[in-house]
Amino acid sequence: MRHVSWWMRTAVGAGALALSTLGWAGPALAQTGPVSVTPAKGTPALANSGSTEQVRQLVQCGGTMYAVGRFTKISWNGTTFTRDNAFSFSASAPYKVSSWNPGVSGEVNSIALSRTCATAWLGGDFKSIGRSSVRNLAAVSTSTGRVVTSFGHSANGTVETLLKDHEHLLTGGYFTSVNNNSNKYMASLNTSTGKDDGFVRLNISGHYQCPGVGSNPTRVYNQQLSHGGTLELVEGDFTSVGGQHRQQIFMLNLGGSSAKVTGWTSAEFNGDCATNESFYVRAASWSPDDSTVYIGSTGYHPFNEPTGSFPRSGLCDAAAAFPATQSSVSHRWVNYTGCDSLYSTAADTSTAYFGGHERWSENPQGCDSAGPGAIPAPGIEGLSPGTGALTFNPTRSRGLGADDMLITGAGLWIASDNLDHSAQCGHVSGHAGVCLLPYG
């Protein structure tokens, strides 16, 4: 999860769904796409450990890819490496796995890198890294894997997303305090000390009420920086942000002395999905020119619509596009999966990519079945930026679902899992957890 674009400002890393950031990168994305339907050979994969494991985020810094999630062993070129929830490898062929092995005791949800790539910030649900006691957040050396003790390393709840912007480490999750600050759910931390630097003061509150069930806990879940570097999308479970009503997603302006909530919103984000999945916008991405916002959602079906009510409406289990105008907007298009979740998205000039555990695309007339006109598109779909129609269909093993996508000059990287031995990407086996669909 957790995504940013490739060339903006000094940001490296992501929190979130969906373009890579390189510490050394200049203007990129010269590739217009789409990427190839055949994956690159030789990328690392999750080894068969006998349990379900998952790569949650992929980030590039310099010539190295960093992967975090929930895993214990990685295979590459016939060798199995022990790696606890974080590892790195070469960003180009032959994609050699490095010796970096910080040894995190629990799931890592997000990673961000310093401009020089010397420091990695890790966020998740863990209590130690190597022999050092930490709590859900830490900075580590990318050479030794050891904890950087000068950076505060305590969040009182799970950290879901990290994004570095200039000297701000934008941090989101379930926490109500990070390094003894009082900012709930989202904070901006000084990248050297981990102390709250005051850049984010949003007073995030509220959560979605589920009739007959209760509510989901308040949290910030994902974030994506615009290519221009001054705007940011943030997803999560909340009803009030910066004194304004916001649900599912909001946009921040990062261009001033403090982050401010913009006027970008939509009444469509206020709809309720099925009671067991009322938190539904999990990922967003920016078009290369920052004029369009793409979202991928879960949710099954609208709360007030029976499972068999068609055609589908609302934004549950759907890919959608919205103008990025900083005002109240309506969708440009919606493409329904037919009651299957989407967890990630990325975009180049030609295509808006979406990943999850979907079975179909263009399926507004079906729920857990193919309705009239539905197109099989397991695990990944590429849609027309203008119309939302399916234009790119490589397919991949569904598993738990593609949890992250990012675009680099090499192509589209996809983070996934090995549920039920899921390992296929573009009809090719051997890609459990990591797949690169390259540009030609």
Side-chain angles (χ1 to χ4, degrees), residues 1-31 33 35 39-40 42-45 55-69 74 76 83 86-100 102 108-123 140-143 161-165 169 223-227 229 283 285-286 288 344-348 353 355 402-416 425 431 433-439:
M1 337 183 311
R2 334 319 166 197
H3 324 286
V4 291
S5 67
W6 247 87
W7 64 79
M8 326 68 62
R9 306 172 87 182
T10 60
V12 178
L17 324 130
L19 298 151
S20 160
T21 309
L22 306 183
W24 48 266
L29 285 185
Q31 304 281 7
V35 295
T43 51
V55 176
R56 301 221 61 206
Q57 187 185 13
L58 291 162
V59 168
Q60 184 173 350
C61 196
T64 302
M65 298 295 301
Y66 292 84
V68 297
I74 302 299
W76 175 78
R83 296 289 185 270
F87 77 101
S88 65
F89 60 97
S90 174
S92 57
Y95 309 107
K96 181 180 180 180
V97 173
S98 79
S99 61
W100 187 64
V108 182
N109 295 320
S110 190
I111 181 172
L113 281 297
S114 65
R115 185 173 180 83
T116 62
C117 307
T119 301
W121 294 272
L122 305 178
V140 300
S141 165
T142 57
S143 57
T161 175
L162 299 172
L163 188 151
K164 182 182 178 294
D165 177 62
L169 183 67
Q223 54 185 329
Q224 305 83 27
L225 195 62
S226 66
H227 303 294
S285 63
W286 297 87
S344 57
T345 173
D348 57 26
Y353 305 95
D403 210 40
D404 189 30
M405 290 180 166
L406 75 148
I407 288 177
T408 71
L412 175 67
W413 290 91
I414 304 166
S416 61
C425 184
H431 295 278
V434 177
C435 176
L436 169 63
L437 297 179
Y439 286 115

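The chain is numbered in sequence order, starting from 1.
When the side chain to side chain contact (heavy atoms under 4.5 Å, CB included) test is applied to A93, the partners found at least two apart in sequence or on another chain are Y95. Residues forming a side-chain hydrogen bond (donor to acceptor under 3.5 Å, both in side chains) with S141 (at least two apart in sequence, or on another chain): S143, T144. Partners of A120 by side chain to side chain contact (heavy atoms under 4.5 Å, CB included), not counting sequence neighbours, listed by chain and number: W100, I111, L113, V140, T142.
Between V97 and R83 the shortest side-chain heavy-atom distance falls below 4.5 Å. Within the 4.5 Å cutoff, no side-chain heavy atoms of L437 are placed close to those of Y353.
Here the OG1 atom belonging to T119 is positioned 11.0 Å from the CG atom belonging to L169, to the nearest 0.5 angstrom. Summarising the geometry, atom CZ belonging to F87 is positioned 9.0 Å from atom CE belonging to M65; distances are rounded to the nearest 0.5 Å. Taking OG from S416 and CZ from R56, the interatomic distance works out to 12.5 Å, rounded to the nearest 0.5 Å. Rounding to the nearest 0.5 angstrom, the gap separating the CG atom in D348 from the CD1 atom in I407 is 4.5 Å. Of the inter-residue distances, the one linking S98 atom OG with Y66 atom OH reads 7.0 Å to the nearest 0.5 angstrom. Taken from CD in Q57 to CG in L122, the straight-line distance is 10.0 Å, to the nearest 0.5 Å.
At distances below 3.5 Å, at least one donor-acceptor pair connects side-chain atoms of Q60 with backbone N or O atoms of G62. Distance alone, capped at 3.5 Å, is enough to place a donor-acceptor pair between the S344 side chain and the A402 backbone. The closest donor-acceptor contact from the side chain of W413 to the backbone of V434 lies at 3.5 Å or more, if one exists at all.
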Working note: F89 + I74, criterion side chain to side chain contact (heavy atoms under 4.5 Å, CB included); need CA distance, chi angles, decisive distance, verdict.
CA-CA 11 Å; F89 60 97; I74 302 299; over 6 Å; no
With side chain to side chain contact (heavy atoms under 4.5 Å, CB included) as the criterion, how do D403 and V55 come out once you've worked through the C-alpha distance, each side chain's angles and the decisive distance to 0.1 Å?
CA-CA 8 Å; D403 210 40; V55 176; over 6 Å; no
Go through it in stages, so that I can follow the logic: the residues are W121 and S110, the test is side chain to side chain contact (heavy atoms under 4.5 Å, CB included), and I'd like the CA-CA distance, side-chain angles, deciding distance and then a yes or no.
CA-CA 8 Å; W121 294 272; S110 190; over 6 Å; no
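Closest non-hydrogen pair, S88 versus T64, comes out as CB-CG2, 3.7 Å. When every heavy atom of H431 is checked against every heavy atom of T43, the shortest pair comes out as ND1-OG1, 3.5 Å. Considering all non-hydrogen atoms of both residues, H227 and P288 come closest at CD2-O, 3.3 Å. Scanning both residues, P39 and C425, for their nearest heavy atoms gives CG-O, 3.2 Å. Looking at every heavy atom in both residues, A67 comes nearest to L58 through CB-CD2, 3.6 Å.
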